[in-house]
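First listed ligand is number 1; within each ligand, the first listed atom is number 1. When reading the values below, keep in mind they use all heavy atoms of this one structure, side chains included, and skip hydrogens, waters and symmetry mates. It should be emphasised that the depicted structure is a prediction, and the values quoted were computed from it without experimental measurement.
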Amino acid sequence: MQLLFGLSFAMFSSPIVPLQARRFGDARGWFMETYSEAAALAAGIEVRFVQDNQSFSAAVGTIRGLHFQRPPRAQAKLVRCVRGSIMDYAVDIRRGSPTYGRHVAAKLTAEGGEQLFVPVGFAHAFVTLEPDVEVAYKVSDVYAPDCDGGIVWNDPTIGIDWPLPETGAVLSDKDRLLPNLVDFDSPFEYDGRPLEPLPTR
Ligand SMILES: Cc1cn([C@H]2C[C@H](O)[C@@H](COP(=O)(O)OP(=O)(O)O[C@H]3O[C@H](C)C(=O)[C@H](O)[C@H]3O)O2)c(=O)[nH]c1=O
């Protein structure tokens, strides 16, 4: 693991990059560098973020996604959980990719400071693992509703095994009606970097 400033990261070629913000604790509490351009560049994250987002989800089992923005407003995202915990997912939707439709998952917790970089060409989603969860993420392009796109959360060809409570998933009406992957015409091209499993922590 490379440590640069307060962020550490693994050096590997997958387009999805896990980062770890380091906590500096003392008698008052703790301090974290939650974003460092230098550390991001060193981890191969060569995007300029232009907007910070934050969402609150009250119910455990809330799913937001699988979302992306189409070009010319496609977004890369740097995701972290600032309250509670989530499972975060990235699905390869790059036309021609040998890992098309495959996904990786990472548990992100407020306590742990884990982060996940999701580049353009991947659909993104998370599910809350407890009530009252807040997620903050940086995006590399502005919100563009006319470029909004998505794949339905329970798409059978993607096959995400969502960790859901007995009460089931909580979704927006919009997300319930998203298309399946088989009906999706991807605007994203493969860049030669197949999706790789994330390193086990
Ligand atoms: C994303 C976004 C939304 N909005 C407004 C539009 C709606 O009135 C309201 C909720 O939007 P939405 O239901 O799309 O929010 P989420 O379901 O949390 O979607 C997000 O969550 C998943 C995990 C993602 O990866 C995307 O970043 C994003 O799609 O916020 C804005 O004003 N700006 C924005 O950038």
Pairing residues for L164 by the side-chain contact (heavy atoms from CB on, under 4.5 Å) criterion, not counting sequence neighbours = I63, V127, W153, W162, A169
Is atom 30 (O) of ligand 1 less than 4.0 angstrom from at least one protein heavy atom?
-> no
Name the one of H67, Q69, R70, K174 that satisfies side chain to side chain donor-acceptor pair (under 3.5 Å) with D148?
-> K174
Applying a strict 4.0 Å limit to heavy atoms, is Y137 in contact with ligand 1?
-> yes
Atom 3 (C) of ligand 1 protein-contacted (non-hydrogen atom, under 4.0 angstrom) = yes
Where the side chain of S186 meets the backbone of R94, is there a donor-acceptor pair that is under 3.5 Å apart?
-> no
Which atoms of ligand 1 sit under 4.0 Å from any heavy atom of H124?
-> 23 (C), 24 (C), 25 (O)
For atom 13 (O) of ligand 1, closest protein heavy-atom neighbour = K174 NZ, 4.0 Å
Heavy atom of protein inside 4.0 Å of atom 16 (P) of ligand 1, strictly below = yes
Can you check whether Q54 reaches E134 side chain to side chain, under 4.5 Å on heavy atoms?
-> yes
Expected output: side-chain Q75 to main-chain V139 donor-acceptor under 3.5 Å | no
Please write down residue, atom name and distance for the protein heavy atom closest to atom 7 (C) of ligand 1.
-> Y143 OH, 4.5 Å
Where the closest heavy atom to atom 22 (C) of ligand 1 is concerned, which of K77, Q51, Q54, H67 has it?
-> H67
